[in-house]
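The analysis underlying the following values was restricted to heavy atoms, covering all of them including side chains, and did not include hydrogens, waters or symmetry mates. The sequence lines fix the lettering, A, B, ..., with proteins before strands; numbering per chain opens at 1.
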Amino acid sequence: MPTATTPANGDTPLTIAGTPLGSRLVMGTGGAASLLALADALTASGTELTTVAMRRVARPEPRTGQDARAEGGDTSVWAMLERLGIRALPNTAGCFTVREAVLTAQLAREACGTDWVKLEVIADDTTLLPDPAGTVEAARILVRDGFTVLPYTNDDPVTARHLADAGCAAVMPLGSPIGSGLGIANPRNIEAIAAASPVPVILDAGIGTASDAALAMELGCAGVLLATAVTRAADPVRMARAMRLAVEAGYDAARAGRMPRREGALASSPTDGRVAVGGAPAPGARDNLDLAL
Amino acid sequence: MPDELTDETTGEPAVVNGEPYPLRGPVPVTDLVARLVPAAIVDGVPRGVAVAVDDAVVPRGAWDRTEIRPGMRVEVVTAVQGG
């Protein structure tokens, strides 16, 4: 039985800044119908690292304080992650400037007791695409401030290289826009980023179904981050399990040394000893069946 | 129940999470958090909450000695579902 941080096949686990994780699937928590449904999906996914957002606490109604009770204590997402033993990865979602992202990261470090941060500097609220310049600038500031920075970035190999050079612990290129479920729009760029990166590459955003996650791993990614593909599936628990299996399958496939591609068919059964009907030679004997040895 | 933070308010309020927050006098960050998110205080220790005053994080260890005064901008945040 493999332990949490020792994959069954003996391969090395996903390791971020020296910390091994027992799963290459990083889950987000956005979009879940309820905390209970979210907990079930997180468990089924096998994830050991899960994003949370930082937001203002609700103001209690005057003299009752009832509203605030939903923000803390046992009913909060924070308490749930502690109960499940899943490491929290606070994000800077919704930040459009470097200053917002840096302050949000610093608040997250204080609130969540971790110096890990998923850095997001978003260009605009329509595309929700990362702002490359702002992301690199914020990454430099946060690395200098002692953070372990996992930046959300475009599928641009050069930006990914700047982020790694800035000291980020991983780079997290998008497959396609946040929440789109469109899969990996530019697989060649993702492959190029993964091939060149000195730090783990985690495909982040755009995953819609299990084959997208498997493809990310086959392209050389070290992990996959997804949320709405699970939380907005009709059966989130089942999709969470599918994603766990897909990430494992894609990881193995990437390391199994896939067969070479070729034009046309190639028989895989022996050519000798085939039956003949009516004394005639079997058809196709001079064709590509000869190649199957 | 009398509210020592908001009764007999005079003068300029603080701004807490983007809204005016009337002050009777200087209020330690600890008291403000206890009032806003009582459920986040477990055994006297705040959990999962962070505070910034005028765009600078106030470390938990400094909450008792950091006072919210009129005109200060305060952010009180916690982890929520997202990402």
Side-chain angles (χ1 to χ4, degrees), chain A residues 26-32 34-35 38 50-60 62-63 65 67-82 88-94 99-100 102-113 118 120 152 178 204-205 225 227 231, chain B residues 1-9 13-24 27 29-63 66 68 73-83:
Chain A
V26 183
M27 278 279 293
T29 55
S34 72
L35 273 182
L38 178 62
T50 296
T51 63
V52 292
M54 305 306 300
R55 288 295 179 270
R56 290 168 165 173
V57 301
R59 282 280 284 270
R63 309 197 189 246
D67 283 4
R69 295 183 193 283
E71 293 288 343
D74 291 339
T75 57
S76 70
V77 66
W78 171 245
M80 184 197 71
L81 293 183
E82 283 202 321
L89 176 62
N91 67 27
T92 64
R99 286 187 66 199
E100 286 171 358
V102 169
L103 179 58
T104 301
Q106 290 167 338
L107 284 165
R109 176 166 62 182
E110 185 73 11
C112 300
K118 175 185 168 182
E120 298 182 45
Y152 171 58
I178 292 174
D204 182 4
L225 196 165
T231 58
Chain B
M1 187 179 81
D3 187 333
E4 69 274 18
L5 294 185
T6 55
D7 278 4
E8 300 171 37
T9 54
V15 178
V16 175
N17 287 348
E19 293 179 24
Y21 196 94
L23 293 170
R24 184 182 174 193
V27 177
V29 169
T30 307
D31 294 1
L32 178 72
V33 171
R35 185 150 297 266
L36 286 179
V37 264
I41 313 285
V42 180
D43 298 329
V45 181
R47 297 162 66 84
V49 176
V51 177
V53 175
D54 292 340
D55 298 337
V57 174
V58 181
R60 211 165 281 174
W63 282 9
T66 304
I68 306 303
R73 285 178 300 106
V74 186
E75 297 283 344
V76 184
V77 301
T78 191
V80 301
Q81 289 181 47

Tell me, do A:Leu35 and B:Gln81 make a side-chain contact under 4.5 Å, heavy atoms counted?
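Counting from C-beta outward, A:Leu35 and B:Gln81 do come under 4.5 Å.
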Do B:Val57 and A:Arg109 touch side chain to side chain, with heavy atoms closer than 4.5 Å?
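Answer no - side chains too far apart.
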Side chain, backbone, both or neither: which part of A:Ala93 has a heavy atom under 4.5 Å from chain B?
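Contact with chain B is absent: no heavy atom of A:Ala93 under 4.5 Å.
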What part of A:Leu38 lies closer than 4.5 angstrom to a heavy atom of chain B: side chain, backbone, both or neither?
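For A:Leu38, side-chain heavy atoms alone lie under 4.5 Å from chain B.
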Main-chain N/O of B:Gly83 paired to A:Thr29 side chain as donor or acceptor, under 3.5 Å
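Checking the backbone N and O of B:Gly83 against the side chain of A:Thr29, no donor-acceptor pair under 3.5 Å is found.
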Taking every non-hydrogen pair under 4.5 Å, which of [options] racks up the most with chain B?
| options | value |
| --- | --- |
| A:Glu82, A:Gln106, A:Arg99, A:Met54 | A:Met54 |
| A:Thr51, A:Leu107, A:Asn91, A:Val102 | A:Leu107 |
| A:Cys112, A:Gly28, A:Ala32, A:Gly30 | A:Gly30 |

If I compare all heavy atoms of B:Asn17 with all of A:Val57, which pair ends up nearest, and what's the gap?
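Closest approach of B:Asn17 to A:Val57, heavy atoms only: ND2-O, 3.4 Å.
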Picking from B:Val51, B:Val16, B:Val76, B:Val58, which has the most non-hydrogen pairs under 4.5 angstrom with chain A?
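Of the options given, most contacts go to B:Val76.
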